[in-house]
Amino acid sequence: RKLDIEPRSRAASAQTRAGHCVAAMQAPAPGLASFAGGGDPLLEGGDAADRLFSAVGSEKRLGSSVGRIDMLKLFPALFTMVCGLLFLVPMCNLLIMARSTEVAYFTMVEFYYVIAVIPVVILVTHFVHVQRGAPNKVAMAVTLIVPSLLLLACGNRQYMQAVSMTDRRLMICGWAA
């Protein structure tokens, strides 16, 4: 035998769920005494909750993305911020150390300006991601590999110069191992 039951609309089922939620919140918990003033005035009517849940249901039905975060739109900004934190801080530290008077006497400061390419690479990748509207694997790989290698080369050069100067000073003093 076939039953003629109409399916309820989403808004009606959302209102029913809201009514159940409000009723559950208004019911006193077993074993707890209720407050002297009665229930919560915000929950007593239930109209606001019904309207809220029915509005949310209608937005979902219409395909609206209210309340949802589109990660593809956020990706360029997030990737740029992460790369900035990863690469710009060490870049600034290397440039500050290379330009300090104590270190500049022993090193070629001009060599360290090569790492000024890092912000340019990060910005170009940001604009590529914004224009495409999606992450680009090649741009991401270049942005992660090129600054890493530049910082590695500059940091290694600075370390090796410091070690060689230390060895020279120790040899002059006769403390070489």
Side-chain angles (χ1 to χ4, degrees), residues 5-27 29 40-100 103 107-160:
I5 301 175
E6 290 185 358
R8 292 175 18 185
S9 69
R10 288 184 184 175
S13 63
Q15 286 176 347
T16 304
R17 280 193 309 266
H20 291 301
C21 290
V22 170
M25 285 188 276
Q26 287 177 348
D40 189 356
L42 294 175
L43 298 176
E44 285 177 1
D47 294 333
D50 290 341
R51 282 181 291 184
L52 173 70
F53 282 109
S54 66
V56 170
S58 65
E59 286 172 357
K60 285 182 182 177
R61 188 177 50 229
L62 296 175
S64 174
S65 63
V66 174
R68 296 196 54 172
I69 297 174
D70 189 10
M71 292 306 287
L72 282 178
K73 289 182 181 177
L74 284 178
F75 182 79
L78 291 175
F79 187 75
T80 303
M81 284 189 280
V82 168
C83 287
L85 286 173
L86 282 176
F87 300 122
L88 296 181
V89 173
M91 181 194 83
C92 290
N93 286 340
L94 272 173
L95 285 176
I96 288 168
M97 281 193 296
R99 289 186 51 98
S100 70
V103 178
T107 62
M108 284 186 355
V109 177
E110 294 81 22
F111 173 75
Y112 292 102
Y113 287 115
V114 171
I115 60 176
V117 172
I118 293 173
V120 174
V121 171
I122 292 172
L123 287 176
V124 166
T125 301
H126 178 76
F127 290 126
V128 166
H129 287 155
V130 168
Q131 283 183 346
R132 293 237 173 148
N136 185 347
K137 288 181 184 179
V138 175
M140 287 175 54
V142 167
T143 303
L144 294 174
I145 292 171
V146 169
S148 297
L149 292 177
L150 285 173
L151 289 172
L152 179 69
C154 289
N156 189 33
R157 179 180 172 118
Q158 204 165 34
Y159 173 74
M160 295 307 281

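Predicted, not measured: the structure shown is a model, and the values here were computed from it.
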Quiz item: Taking C-beta and beyond as the side chain, do V128 and V138 meet within less than 4.5 Å on heavy atoms?
Solution: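 No - every pair of side-chain heavy atoms lies 4.5 Å or more apart.
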Quiz item: Do F127 and P76 come within less than 4.5 Å of each other through their side chains, counting heavy atoms only?
Solution: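 Side chain of F127 against side chain of P76, heavy atoms only: no contact under 4.5 Å found.
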Rounded distance [0.5 Å steps], [atom1] in [X] versus [atom2] in [Y]:
X	Y	atom1	atom2	value
L149	L144	CG	CG	11.0 Å
L95	R99	CG	CZ	8.5 Å
L86	T143	CG	OG1	11.5 Å
M140	F79	CE	CZ	4.5 Å

[X] versus [Y], closest heavy-atom pair with distance:
X	Y	result
A139	T125	O-OG1, 3.6 Å
A77	H126	N-CE1, 3.9 Å
L94	Q158	CD2-OE1, 2.8 Å
Y112	C154	CE2-O, 3.6 Å
V120	A116	CG2-O, 4.1 Å
P135	L72	CD-CD2, 3.7 Å

Quiz item: Only one of P119, S148, C92 forms a side-chain contact (heavy atoms from CB on, under 4.5 Å) with F87, so which one is it?
Solution: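 When P119, S148, C92 are each tested with F87, the side-chain contact (heavy atoms from CB on, under 4.5 Å) holds only for S148.
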Quiz prompt | Derivation and outcome, side-chain contact (heavy atoms from CB on, under 4.5 Å), residues M91 and L150 | solution = CA-CA 9 Å; M91 181 194 83; L150 285 173; over 6 Å; no
Quiz prompt | side-chain contact (heavy atoms from CB on, under 4.5 Å) between L88 and C83, intermediate numbers included | solution = CA-CA 8 Å; L88 296 181; C83 287; over 6 Å; no
